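Shown next, in structure tokens, is the structure this report addresses.
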Amino acid sequence: MAGHDSGTQHTFTGIQRYFNSYTITGRRNCVLATYASITMIILYFKLRPKKQTPALTEK
Amino acid sequence: MNLTIFDQFLSPQILGLPLMTLAIILPSMMWPSQNNRWLNNRLSTLQSWFINMITKQLMMPINKSGHQWSTILMSLIILLLTVNLLGLLPYTFTPTTQLSMNMALAIPLWLATVLTGLRNQTTKSLGHLLPEGTPAPLIPTLIIIETISLLIRPLALGVRLTANLTAGHLLIQLISTTIIILLPTAPMLSMLTSIILLLLTLLELAVALIQAYVFVLLLSLYLQENV
């Protein structure tokens, strides 16, 4: 499954130079960015401080 | 003692001692051992020819650096072929009907191919998780989908082998039980069912060979991607 890299035909500028779906490095960076985003979302939900509900007092 | 249809899949034991190790090792020991003679007898020559043929077929599409996997893949295919074929004999135990054994074969070998790819060609391995030319909005979704399909490979490998062999053995047992039960009451129907049993046995013979080959072929394909 060795796909040819057709990145030489495209000229990318700006952020597309690092994140695109044509060059092998662009694809790798997209994959890493997706994994990092998912990890950050999971860590955010795990580590955020939990809301403390005030204790109910019986009258 | 009344046997249920699943008793044929119980792990073999004698007086409480497990025989699983013997069940896995003994089939491979039935192959004649290799020797260094220039001209062997017919059986050894046939065996060498067979192993060389399959090795060439499997290893041809793989790079030279992947050829170090040839020993383990050939050992695996010989084990699976032998174990699957011997399991078709009556009253024998087939180790490959046990999901635990098939997962124990599939997971380490699959993981080894993935780690080999990540170690030797990290960029290419990670890059293959995103198909070339994907439109930008679909990129994260497709990466997640490709990751899931990667992680599901060992499960599919193990379950495919287990399910095929277990289903085949169960069908053989059910149909043969039907034949025995129908014999006194409806002998013609019993004879027709025995023809079905013959065809099923031939099918199971093919399935035993094909499933062993498919297991090793898929592993070689995963290796090809990562080497």
Side-chain angles (χ1 to χ4, degrees), chain A, chain B residues 58-67 69 110 112-154 156-157 214 216-227:
Chain A
M1 282 203 183
H4 69 281
D5 185 8
S6 62
T8 48
Q9 297 165 11
H10 302 267
T11 47
F12 295 109
T13 52
I15 199 162
Q16 279 209 318
R17 202 173 153 198
Y18 301 103
F19 295 96
N20 63 76
S21 63
Y22 291 95
T23 59
I24 197 77
T25 47
R27 284 151 74 188
R28 179 203 68 187
N29 292 338
C30 287
V31 168
L32 291 173
T34 309
Y35 285 168
S37 313
I38 294 170
T39 313
M40 296 301 282
I41 293 169
I42 293 170
L43 281 175
Y44 167 73
F45 281 107
K46 267 196 170 308
L47 298 173
R48 67 173 176 175
K50 288 180 185 167
K51 293 176 192 172
Q52 293 198 354
T53 51
L56 293 168
T57 52
E58 277 188 300
K59 285 185 183 174
Chain B
L58 270 176
M59 292 295 146
M60 215 159 33
I62 300 176
N63 289 340
K64 209 170 176 187
S65 54
H67 289 179
W69 280 68
W110 162 82
T113 61
V114 168
L115 292 177
T116 305
L118 283 174
R119 187 185 167 204
N120 296 335
Q121 41 181 39
T122 320
T123 303
K124 218 171 157 187
S125 285
L126 286 172
H128 279 317
L129 284 169
L130 176 63
E132 196 182 329
T134 310
L138 284 176
I139 287 175
T141 318
L142 229 64
I143 288 172
I144 292 170
I145 289 171
E146 289 283 331
T147 309
I148 292 171
S149 80
L150 178 76
L151 295 173
I152 228 162
R153 277 176 179 179
L157 268 178
V214 159
V216 176
L217 181 72
L218 282 170
L219 275 173
S220 74
L221 281 174
Y222 302 153
L223 180 67
Q224 206 183 323
E225 287 177 7
N226 288 303
V227 138

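Letters go in sequence order (proteins before strands), and every chain restarts at 1. A quick note: this is a predicted structure, and the numbers were derived from the prediction, not measured.
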Looking only at B:Leu126, B:Thr122, B:Ile143, the option with the highest number of non-hydrogen pairs under 4.5 Å against chain A is B:Ile143
How far does CD1 of A:Ile24 sit from CD of B:Gln121, to the nearest 0.5 angstrom? 9.0 Å
Can you tell me how far apart NZ (B:Lys124) and OG1 (A:Thr25) are? Round to the nearest 0.5 Å. 13.5 Å
Considering only heavy atoms, which portion of B:Pro131 lies under 4.5 Å from any heavy atom of chain A: side chain, backbone, both, or neither? backbone
Which atoms of B:Ile144 approach chain A - backbone, side chain, both or neither, heavy atom under 4.5 Å: side chain
Are there over 12 heavy-atom neighbours, none belonging to A:Ile15, within less than 6.0 Å of that residue's CD1? no
Is the CD1 atom of B:Ile152 crowded by more than 12 outside heavy atoms at less than 6.0 Å? no
Is a side-chain N or O of A:Arg27 found less than 3.5 angstrom from the main chain of B:Leu130, in a donor-acceptor match? yes
Heavy-atom cut-off 4.5 Å, strictly under: side chain, backbone, both or neither for A:Ser21 against chain B? both
Give the C-alpha distance, both sets of side-chain angles, the deciding distance and a yes or no for side chain to side chain contact (heavy atoms under 4.5 Å, CB included) between B:Ile139 and A:Phe19. CA-CA 10 Å; B:Ile139 287 175; A:Phe19 295 96; over 6 Å; no
